[in-house]
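Notes to accompany the following structure.
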There are 2 protein chains.
Amino acid sequence: MGEENGRHNVKATTLKDIAEQTGFTVNTVSRALKNKEDISATTIKLIQEKAQELGYIGNTLASSLRSGMTKTIAVIVADVSNPHFSIAVKEIERAARTQDYTTFILNSYEDQEVEKKAIFSALSKNVDGIIICPSQGSDNNMEILQRTGTPFVLLGRHLDNDTMDYVVSDDEKGGYLATIHLLERGHQSILFLNAHHSISSARERLIGYTRAMMEYGIPVKSELIREVSNISGGSRNELNEVLKSKLEFTAIFAFNDMMAWESIFILNKHNIKVPENISVVGFDNIQSRMFIPFPLTSVSNSKGKTSRKAFEILLKRIYKQNSDVRYHEVVDTRLVIRESTKSLLL
Amino acid sequence: MGEENGRHNVKATTLKDIAEQTGFTVNTVSRALKNKEDISATTIKLIQEKAQELGYIGNTLASSLRSGMTKTIAVIVADVSNPHFSIAVKEIERAARTQDYTTFILNSYEDQEVEKKAIFSALSKNVDGIIICPSQGSDNNMEILQRTGTPFVLLGRHLDNDTMDYVVSDDEKGGYLATIHLLERGHQSILFLNAHHSISSARERLIGYTRAMMEYGIPVKSELIREVSNISGGSRNELNEVLKSKLEFTAIFAFNDMMAWESIFILNKHNIKVPENISVVGFDNIQSRMFIPFPLTSVSNSKGKTSRKAFEILLKRIYKQNSDVRYHEVVDTRLVIRESTKSLLL
DNA sequence: CTGAAAGCGCTTACAG
DNA sequence: CTGAAAGCGCTTACAG
């Protein structure tokens with residue numbers, strides 16, 4: 001029943017076929033195809049030509065089962081269709097490919113149950129490692145993952161448990177820079193549309209926001225700090241409510257660009273113009289990758305660098321280098337000023 | 001060397017462990033965990049509890065090697081960081097997961113060599129099937145893929161070779177609707193920023209464009225039809241050149257929303273306002289998923305439906321249903337009118 | 001430089 | 001209802 005054998009209608013060429021047609025053993029064929037030093041150059045040439053001729057494609061399933069390495073990683077993010085994550089996924093896939101790693105992509109939708117299944121799915125595929133942006137409050141899932149012994153790196157968020165490797169942005173600085181930018185322009189009532197406080201980056205951006213406010217001697221009003229879902233459409237209701245409540249504010253600092261866009265979209269629906277009536281600052285600087293025709297001031301967090309670094313660390317873990325070190329990387333952030341913020345000063 | 005065995009530091013539980021601890025054979029354990037009918041309920045319970053207790057995670061590598069099915073698919077697109085593709089990838093991953101399939105994601109960057117490697121990478125991982133948006137002029141790669149016998153479905157683009165399954169949008173209709181919309185509003189010189197004609201959707205959108213122009217008795221000017229790269233930033237130079245050449249046009253129809261946004265971005269740089277000075281229509285209706293604060297008129301092409309359909313067809317191929325049928329699905333398109341288009345008539 | 005054997009962890013096909 | 005054996009296609013470790 002070769003037909004049912006993973007390669008479907010056409011039976012795939014195996015080492016055995018090459019062995020039979022060249023007169024060597026499977027062992028020698030295997031070693032020749034991997035350019036091992038102890039095989040004669042003539043034999044290597046002969047075998048590789050035959051492999052080429054037969055269109056041989058190695059069965060990594062079999063080799064992985066024996067060798068214990070699959071050359072596969074999994075990337076688990078909240079939602080690939082969020083540009084922030086899709087850019088990260090792209091960069092990781094690209095970095096992985098240069099090292100002959102193939103990438104599984106799994107969405108957690110910020111849901112712990114879905115995330116748990118994603119992790120088990122990855123484990124059952126014997127991935128060599130996992131890069132994961134942990135969903136809200138998923139400390140438990142990460143500890144389960146940690147106990148399996150499979151190498152993993154947290155991306156963009158870290159947990160209280162600091163025995164795990166992570167690569168994050170300097171979120172506190174980002175929050176600080178965004179807020180200072182608005183304060184410098186005379187804004188004092190700044191609505192912070194933040195993500196849930198169980199997300200480390202949300203907590204740290206708030207610390208930056210608070211620090212900036214304090215520097216300007218402005219008391220932080222709790223009603224100006226709103227936690228909303230960072231899934232597309234999540235800030236809609238909250239912002240509508242805020243607008244209805246007649247809460248006073250002249251600027252919005254949004255947890256990410258998606259939320260910032262969404263806010264602007266909603267403000268426009270209410271005939272409120274940006275930046276004329278309200279200034280808006282985002283986070284992620286998606287505009288560095290996509291030419292969105294709305295010039296949003298935003299905190300840049302080098303997604304390429306962050307992603308590559310996460311893969312690099314993962315690779316070290318896979319190859320058990322520096323196993324006594326914890327990698328806690330904080331990538332710098334900076335503010336990119338565009339035209340969504342206006343000064344209230346003359 | 002359990003350490004080096006794919007599960008790293010912690011040795012993974014195997015069927016053998018469960019067998020030893022329950023007194024059954026590996027065979028029975030395997031069958032019990034799969035709820036086979038010929039195992040007694042008591043045994044099933046006993047074994048499943050033990051599996052739970054030991055935190056057993058099946059090794060799909062081993063089962064796949066034997067059974068020939070990996071429950072894995074690959075999705076190959078030009079670039080996941082393009083929202084059009086990231087949305088498709090998300091939808092496919094979601095559909096696949098409901099059937100216990102895991103998804104590899106690979107980028108081809110519209111490059112045939114990269115694409116070829118991606119295909120071989122997928123094949124060597126023994127994926128059960130592939131969903132691929134073929135890169136420009138990659139008929140050859142698709143034919144190689146076809147000869148391997150691995151089930152695959154083309155997504156968004158089809159080839160001259162119509163023996164392959166595909167799911168596409170009604171691109172001709174989309175091109176027609178976009179153009180008619182502009183013509184109805186008095187635009188006669190419509191710059192079409194199209195993708196390369198080796199892409200079927202580009203050819204068909206052009207047919208729609210041409211048909212609409214003919215209906216209005218307006219000759220199609222070749223200098224108004226420009227083929228640009230559909231990678232981010234690709235339309236930049238071309239549009240700058242067009243603007244420098246003083247070519248007359250009052251509207252732009254862009255191959256996709258990314259290009260439309262990019263065009264608006266560039267027009268703005270030249271102090272040309274949309275829609276006041278130039279009207280713009282895009283394709284993909286990304287705004288249905290992301291609240292981009294620029295209301296772009298765009299052709300909608302039900303990405304959710306298209307993606308799910310592609311997976312559905314792939315699944316049929318994997319399970320060898322209706323193998324005498326060719327699936328050539330054309331999903332309807334419609335125009336979503338927003339505020340990036342203005343009427344020239346009074 | 002090459003070969004023979006064992007084994008990775010499962011599932012299949014068959015025996016009882 | 002359960003078991004014993006073979007085998008999926010490789011790689012490893014060792015023999016010569």
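Excluded from the calculations below are hydrogen atoms, water molecules and symmetry mates; all remaining heavy atoms, backbone and side chain alike, are included. Bear in mind that the values here come from a model prediction, so they are computed numbers and not experimental data. Order of the sequence lines sets the chain letters (A, B, ...), proteins ahead of strands, with each chain counted from 1.
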Study note, to complete from the structure: note: Ile39(A), atom CD1; dT2(C), atom P; distance rounded to Å ~ 6 Å
Study note, to complete from the structure: When Asp38(B) and Leu61(B) are each assigned the nearest nucleotide of DNA chain C, the 5'-most assignment goes to Leu61(B)
**Study point:** Cationic N near anionic O, under 4.0 Å, Arg147(B) to Glu143(B)
**Key:** no
**Study point:** dT2(D) phosphate, OP1 or OP2, under 4.0 Å from Thr43(B) side-chain N/O
**Key:** yes
**Study point:** Value in whole Å for how far the P atom of dT11(D) lies from NZ of Lys71(A)
**Key:** 13 Å
Review point. Roughly, in whole Å, what's the span from CG in Leu33(A) to C1' in dT12(D)?
Key: 16 Å
Review point. Has Ser67(B) got a side-chain N or O lying under 4.0 Å from the OP1 or OP2 atom of dT11(C)?
Key: no
**Study point:** Integer-rounded Å distance: dG3(D) P and Phe24(B) CZ
**Key:** 6 Å
Review point. Has Ser63(B) got a side-chain N or O lying under 4.0 Å from the OP1 or OP2 atom of dG9(C)?
Key: no
Review point. With a 4.0 Å cut-off, would you call Asp38(A) and Arg31(A) a salt bridge?
Key: yes
Revision key, fill the gap. Picking from dC10(D), dG3(D), dT11(D), the nucleotide nearest the side-chain atoms of Lys34(A) would be dT11(D)
Revision key, fill the gap. Out of dC10(D), dG9(C), dC1(D), minimum distance to the side chain of Leu65(A) belongs to dG9(C)
Check your understanding: Between dT2(C), dT11(D), dT2(D), which one does the side chain of Thr28(A) approach most closely?
Key -> dT2(C)
Exercise for review: Could you let me know what dC1(D) is paired to, Watson-Crick or G-U wobble, both distances under 3.5 Å, or none if it's on its own?
Suggested key: dG16(C)
Check your understanding: Within this structure, what is the CG-to-C1' distance between Asp17(B) and dC8(C), rounded to whole angstrom?
Key -> 14 Å
Check your understanding: Can you find a side chain N or O atom of Tyr56(A) that sits less than 4.0 Å from OP1 or OP2 on dC10(D)?
Key -> yes
Study note, to complete from the structure: Between Thr25(B) and Ala19(B), the two heavy atoms sitting closest are C-CB, 3.8 Å
**Study point:** Length of the line joining Met69(B):CE and dC8(D):P, which is rounded to integer Å
**Key:** 17 Å
Practice item. For Lys16(A), report the nucleic acid contact type (base, sugar-phosphate, nothing); a contact means any heavy atom under 4.0 Å. Key: nothing
Point to revise | Length of the CG-P vector between Asn59(A) and dC10(D), whole Å | key: 5 Å
Revision key, fill the gap. Sorted by position of nearest nucleotide on DNA chain D, 5' first, the leading residue of Ala62(B) and Ala41(B) is Ala41(B)
Review point. Atom CZ of Arg66(B) and atom C1' of dC8(D): how far apart are they, to the nearest Å?
Key: 6 Å
Practice item. Salt-bridge test for Arg97(B) and Glu91(B): reply yes if a basic N is under 4.0 Å from a carboxylate O, no otherwise. Key: no
Exercise for review: Hey, could you give me the CD/CG distance between Gln146(A) and Asp165(A), rounded to the nearest 0.5 Å?
Suggested key: 9.0 Å
